[in-house]
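In what follows, a single structure is set out as structure tokens and then discussed.
The first residue in the sequence is number 1, and the count goes up from there.
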Amino acid sequence: QVQLAESGGGSVQAGGSVRLSCATSGNVDHSSCLGWFKQAPGKEREAVAAIYIATDSTYYLEYEEGRFTTSRDAASNTVYLEVNSLKPEDTAIYYCALAVRRWCEHMWRLHTEYHFWGQGTQVTVSS
């Protein structure tokens with residue numbers, strides 16, 4: 001069984017940065033896609049980044065202009081999401097999720113394709 005646990009959220013001022021962690025445990029198949037999603041109050045869950053574990057290939061939303069960066073530390077089985085130039089509209093619960101034996105390329109934005117989810121971590125951005 002796979003478990004995911006996010007941490008690192010908190011309150012940040014606009015323009016600042018935050019680094020979120022997703023600790024993975026259990027039998028994580030490296031041929032899997034780990035995605036990051038945010039969900040603001042009253043809004044749909046939205047993908048912001050993903051990483052294919054076997055190759056560390058990363059995927060981002062083109063229109064976010066490089067504000068999101070995801071990376072992986074194999075030694076600690078932890079995936080990170082760094083968000084820069086934070087805006088008040090980035091206020092949301094951030095989740096990591098794992099799509100087992102799925103290549104990110106064509107599916108990373110689709111939350112319905114993921115099999116395991118963490119509990120989420122709140123990020124609040126004040127102006």
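For residues 10-48, the set of pairs meeting the ring-ring contact (aromatic ring centres under 6.0 Å, His included) definition, not counting sequence neighbours, comprises F37-Y114, F37-W117.
With sequence neighbours excluded, the residues satisfying salt bridge (charged side-chain N to carboxylate O under 4.0 Å, His left out) with R67 are E64, D90.
Contact of the C22 side chain with the T78 side chain is not registered, since no non-hydrogen atoms from C-beta on lie closer than 4.5 Å. In this structure the side chain of L4 never reaches within 4.5 angstrom of the side chain of V79, judged on heavy atoms. Looking only at side-chain heavy atoms (C-beta outward), L61 and R109 come within less than 4.5 Å of each other. Put simply, the side chain of L81 reaches to within 4.5 Å of the side chain of V48, judged on heavy atoms. With contacts defined as side-chain heavy-atom distances shorter than 4.5 Å, the pair V123/T91 does not qualify. Counting heavy atoms from C-beta on, the side chains of E6 and Y94 never come closer than 4.5 Å. A 4.5 Å side-chain heavy-atom check between T69 and V83 finds every atom pair outside the cut-off. Contact of the L86 side chain with the V18 side chain is registered, since non-hydrogen atoms from C-beta on lie closer than 4.5 Å.
Counting heavy-atom neighbours within 6.0 Å of Q119 CD, excluding the residue itself, gives a total above 12.
Judged purely by atom type and a 3.5 angstrom limit, H111 has no side-chain atom pairing as donor or acceptor with the backbone of R45.
Shown here for A99 and E113, the closest heavy-atom pair between the two residues is CB-O, 3.6 Å. Residues S32 and L98 approach most closely at CB-CD1, 3.9 Å, considering heavy atoms. When all heavy atoms of A92 and Q122 are compared, the closest pair comes out as O-NE2, 3.4 Å. Of all heavy-atom pairs between W108 and C33, the closest is CB-SG, 4.0 Å. What you find for T70 and A50 is that their closest heavy atoms are CG2-O, 3.5 Å.
If you take OG on S31 and CZ on R101, they are separated by 7.5 Å, rounding to the nearest 0.5 Å. The line from CG of D56 to CD1 of I51 is 4.5 Å long, rounded to the nearest 0.5 Å. Note: K87 NZ to S127 OG = 14.0 Å, rounded to the nearest 0.5 Å. Distance check: L20 CG to S7 OG gives 8.0 Å after rounding to the nearest 0.5 Å.
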Apply side chain to side chain contact (heavy atoms under 4.5 Å, CB included) to residues L34 and C96 and explain how you reach the verdict.
CA-CA 7 Å; L34 191 139; C96 60; 4.1 Å; yes
Verdict with supporting geometry, S11 and T124, side chain to side chain contact (heavy atoms under 4.5 Å, CB included)
CA-CA 5 Å; S11 296; T124 302; 4.1 Å; yes
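A donor-acceptor contact under 3.5 angstrom links the side chains of N84 and S17, judged on distance only.
Ring geometry for Y52 versus W103: interplanar angle over 60°, hence perpendicular rather than tilted (30 to 60°).
Cation-pi geometry between R72 and Y80 is not satisfied (NZ or CZ under 6.0 Å from the ring centre, within 45° of the ring normal).
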